[in-house]
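Here is the structure we will look at, set down as structure tokens.
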Amino acid sequence: MIQTLALRRPDDWHLHLRDGAMLRAVLPETARDFARAIVMPNLVPPVVTGADAAAYRDRILAALPKGAGFTPLMTLYLTEGTDPADVVAAHEAGLVTAVKLYPAGATTNSASGVRDMDRVRPVFEAMAEAGIPLCVHGEVTDPTIDIFDREAVFIDRVLDPIRRHTPALRVIMEHITTAEACAYVQAGDATLGATITTHHLMINRNHILAGGIRPHFYCLPVAKRERHREALVALATSGFGRVFLGTDSAPHTLARKETACGCAGVFSAPVTMPCLAQVFDDAGALGLLEAFTSLNGPAFYGLPANEATITLAKGAPLEIPPQIETGDGQVVVFDPGTPILWRVSEG
Ligand code: NCD
Ligand code: ZN
């Protein structure tokens, strides 16, 4: 018997599309299954002004396959020089959906990020007033803090103070990886949401480090202990309304991953929906997959859910293509290493 599952078309609330040849190769992998995505601004140089966001949006639209019904939702990269008026104007013009906070040096292409939160308070105040959400990469960069502790420490030292200072600011804790972050978002009010990636629901730190080092599982925030992965699965599959999918699909070429100092990022866009169906199936929660992928995100962002649907079907194990070709080189596709019995049968 074939088991199928129809869902409203999903959205990806945290995605890296890059630019140029890489953009042209990875965009169709998202546009195939997803209707919208929050597009990260960490290009080199970053997307910092409304004008930058408009130009980048146009390059994305030009790279879309013919007939693809996909809408990029643009973000601005917050710097200590960001002009609050430019942010509000770009949002009012419909150009920009959210602003992204990277602590300086926290991750790939974050050198222009924020060092001193006091310097961006006026931007936070203006965003709270205008109802513009802040997407947060929640890791401290203090070199004395162990990398596995950086998310939990960020909540105490940075995130909670920001929210106390500007309580009306809508905040999305992105790609949460710890039980502490799960507890914090659950304890929060309606201004607080969180995204969870595909890979953090499927791998723990042993997958990266035990029995050989696996660079294609390395991303930031780095995957934590199994008990944290279990907390993430429990939250994602619980139906809790303020948590939703943000794949953080982050392509880097094979050459830049398989090297002495490899880049952080997992490229999961091509397989995310089959993988998530497997996670939710294994948790006995298939009926809550749609909330996670297609309903909770739009509700938090104040957008309508998509009317179109996709259908997933369960059957023989999915053959995951090892990589895709791009004009910049090959990009390895996320493969959790366990059978995925689901696939997208109709898009
Ligand atoms: C992202 C990237 O490659 O741009 N990498 C990652 O490991 N997630 C940056 C980010 O979102 O942290
Ligand atoms: Zn990211």
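Numbering of ligands and ligand atoms starts at 1, following listing order. Side-chain atoms are counted along with the backbone in the values below, which use heavy atoms only and exclude waters and symmetry mates.
Closest to atom 10 (C) of ligand 1, if we only count protein heavy atoms, is T107 OG1, 3.4 Å. Atom 8 (N) of ligand 1 has D248 OD2, 2.7 Å as its closest protein atom, hydrogens excluded (heavy atom only). Of the protein's non-hydrogen atoms, the one nearest atom 11 (O) of ligand 1 is H16 NE2, 3.0 Å.
Annotation: salt bridge (charged side-chain N to carboxylate O under 4.0 Å, His left out) contacts of R225 (sequence neighbours excluded): none. Applying the side chain to side chain contact (heavy atoms under 4.5 Å, CB included) criterion to A231, with sequence neighbours excluded, gives A179, C182.
A donor-acceptor distance shorter than 3.5 angstrom exists from the side chain of R150 to the backbone of I145, with no hydrogens or angles considered.
Ring to ring, F300 and W13 are not that close: their centroids are 6.0 angstrom or more apart.
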Run the salt bridge (charged side-chain N to carboxylate O under 4.0 Å, His left out) check on E230 and R227 step by step: do they pass?
-> CA-CA 5 Å; E230 287 167 357; R227 75 175 174 84; over 6 Å; no
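None of R242, R163, R164, R170 except one satisfies the salt bridge (charged side-chain N to carboxylate O under 4.0 Å, His left out) rule with D189; the exception is R163.
Side-chain atoms of T198 and T272 form a donor-acceptor pair, as typed in the model, at a separation below 3.5 Å. Side-chain polar atoms of T247 and D12 form a donor-acceptor pair below 3.5 angstrom. Under the 3.5 Å distance criterion, with hydrogens and angles disregarded, a donor-acceptor pair is assigned to the side chains of K224 and T177.
The neighbour count for R256 CZ, taken as heavy atoms of other residues, nucleotides or ligands under 6.0 Å away, does not exceed 12.
Relative to atom 6 (C) of ligand 1, the option among L220, V222, L43 with the closest non-hydrogen atom is L220.
Those atoms of ligand 1 with a heavy atom of H14 less than 4.0 angstrom away are 11 (O). Residue H137 approaches ligand 1 through these ligand atoms, each under 4.0 Å from one of its heavy atoms: 12 (O). For ligand 1, the atoms lying closer than 4.0 Å to a non-hydrogen atom of C219 are 7 (O).
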Side chains of residues 337-347: which donor-acceptor partners sit under 3.5 Å, not counting sequence neighbours?
from : atom 1 : to   : atom 2 : distance (Å)
W342 : NE1    : D281 : OD2    : 2.9
R343 : NH2    : A316 : O      : 2.2
S345 : OG     : T311 : O      : 3.2

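Under a 4.0 angstrom heavy-atom cut-off, E174 registers as lying outside contact with ligand 1. Using a 4.0 Å cutoff on heavy atoms, K100 does not count as a contact of ligand 1. Ligand 1 lies less than 4.0 angstrom from a heavy atom belonging to H252.
The shortest N/O to N/O separation between A264 and ligand 1 falls below 3.5 Å.
Counting heavy atoms under 4.0 Å from ligand 1, residue N42 touches it through the side chain alone. Residue contacts with ligand 1, taken as heavy atom pairs separated by less than 4.0 Å, involve A250 solely via side-chain atoms from C-beta onward.
Protein N, O or S atom count below 2.8 Å of the Zn ion (ligand 2): the structure gives 3.
Taking the six-membered ring where the residue is Trp, H175 and H137 present perpendicular rings, their angle passing 60° and hence far from 30°.
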